[in-house]
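Let me begin by presenting the structure, written as structure tokens, before commenting on it.
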Amino acid sequence: MSDLKNDRFIRALLKQPVDKTPVWMMRQAGRYLPEYRKIRAEAGSFMNLCTNPELACEVTLQPLERFDFDAAILFSDILTIPDAMGLGLSFAEGEGPRFEHPVRTAADIERLPIPDPELELKYVMDAVRTIRKNLHGRVPLIGFSGSPWTLATYMVEGASSKNFAKVKGLMYEQPHLMHKMLDKLAQSVAAYLNAQIAAGAQTVMLFDTWGGALGTEEYLEFSLRYAQQVRSLLNTNYEGQKIPTILFTKGGGQWLESMVDTGYDALGLDWQTDIGKARTRVGDSVALQGNMDPITLYANPDIIKAKVATILEKYGDGSGHVFNLGHGILPDINPEHVKAMVDAVHDFSGPYHR
């Protein structure tokens, strides 16, 4: 990563020595920042913001102006692929995503195209190129996608869901159709992430937000299998640079050993998994990312700092830890509390890397 002024994040993912534990935060470009809310209001809608490369670049860089994060993450949405498949994505205020044309039948699945990232999703690649150029090697840029299973949940349900009855119904009653859909999605996700790498992403992350809604057999067959397919298709050596990969299954702490076998360099942990025990379970095979409860950021800075210290102590000595929340930051968090967390990670972690 010769052009990087700060490669701490990349080195930790590859379990190479670092001076301090790197830190970034899921949804770090977002609604908790007043400067983000201002641009979001000017853009007129969330999708207008996502599809404008210059604005997406601006909000990606905003948190780096305030906080000493060790990585930037592309500002986008996990549902760009199903939108590019023609399902009619919209966001109603306070309601979350909605699809005009949910996928429910064999004919619906048959019709799904595999989008060309440089055509239907060119706005994302343009954003990656613009962000990478404007970062000037300050920190690495993370590209990402939703996992095949997580994308399928939204596509079949047509919106967010509490019990996933429709998608699980399709999975149980017509597993061959579910596999056909997930295979198309795995190919689409891999092409999308490879295009992000070619456009300048220096790490890629797969968000399996709803894998934890499944039982063990179903998780292995319908979620993890396709996360592994994505990984097998990724171009992780790009122009002589190693591109680290991260897999995050929310609610997936019980499956870490199986997740290790997929070949990702790092596993994300939610806050319900003890990071010290997780490290014992995975050994030296992967790096770990996480895993403070996002709700901790409502507490006063002294409590936040104490929690940071506890998580660092539980992980222990040596590289291979990227500090993060166990899920995305909530929109009404005080930015000063974020600063307390980020500074505490850097202030307290040095002794673990001697």
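Numbering starts at 1 and runs along the sequence shown.
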Just wondering, do [Y] and [X] contact through their side chains at under 4.5 Å, heavy atoms?
| X | Y | value |
| --- | --- | --- |
| V230 | Q187 | no |
| L112 | L87 | yes |
| Y219 | M259 | yes |
| L214 | M171 | yes |
| W271 | K250 | yes |
| L79 | L151 | yes |
| E35 | R66 | yes |
| P140 | L4 | yes |

Between [Y] and [X], is there a side-chain donor-acceptor contact under 3.5 Å, judged purely by atom types and distance?
| X | Y | answer |
| --- | --- | --- |
| T80 | Y192 | yes |
| N334 | Y298 | no |
| S147 | T150 | yes |
| W255 | T216 | yes |
| H353 | T21 | yes |
| D70 | N6 | yes |

Distance in Å, [X] [atom1] paired with [Y] [atom2], rounded so as to fall on 0.5 Å steps:
| X | Y | atom1 | atom2 | result |
| --- | --- | --- | --- | --- |
| L288 | N324 | CG | CG | 12.0 Å |
| D19 | S349 | CG | OG | 7.5 Å |
| H327 | I329 | NE2 | CD1 | 12.5 Å |

H321 and F323 aromatic ring geometry - parallel, tilted or perpendicular at 30°/60° bounds: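 Rings of F323 and H321: tilted, as their planes differ by 30° to 60°.
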Parallel, tilted or perpendicular: which one describes the rings of F91 and F46, with boundaries at 30° and 60°?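 Geometry flag for F46 against F91: perpendicular rings.
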For [X], does the [atom1] atom have more than 12 heavy-atom neighbours from other residues, nucleotides or ligands under 6.0 Å away?
| X | atom1 | value |
| --- | --- | --- |
| D284 | CG | no |
| K307 | NZ | no |
| R281 | CZ | yes |
| E42 | CD | yes |

Closest heavy-atom pair and its distance - [X], [Y]:
| X | Y | value |
| --- | --- | --- |
| S188 | I114 | OG-CG2, 3.5 Å |
| A344 | L312 | O-CD1, 4.5 Å |
| A309 | Y352 | O-OH, 4.4 Å |
| M178 | A152 | CE-CB, 3.6 Å |
| F348 | K305 | CE1-O, 3.4 Å |

Does a salt bridge link E58 with R40, judged by any charged N lying under 4.0 Å from a carboxylate O?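 Judged by the 4.0 Å cut-off on N to carboxylate O distance, E58 and R40 do not form a salt bridge.
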Is the backbone N or O of [Y] less than 3.5 Å from a side-chain atom of [X], with the two atoms forming a donor-acceptor pair by type?
| X | Y | answer |
| --- | --- | --- |
| D208 | A227 | no |
| S223 | G211 | no |
| R104 | E157 | yes |

Taking the six-membered ring where the residue is Trp, are the ring centres of F207 and F144 under 6.0 Å apart?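 Here the rings of F144 and F207 have centres that are less than 6.0 Å from each other.
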Centroid-to-centroid, W149 to Y226, below 6.0 Å?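 Between W149 and Y226, the centre distance exceeds or equals 6.0 Å.
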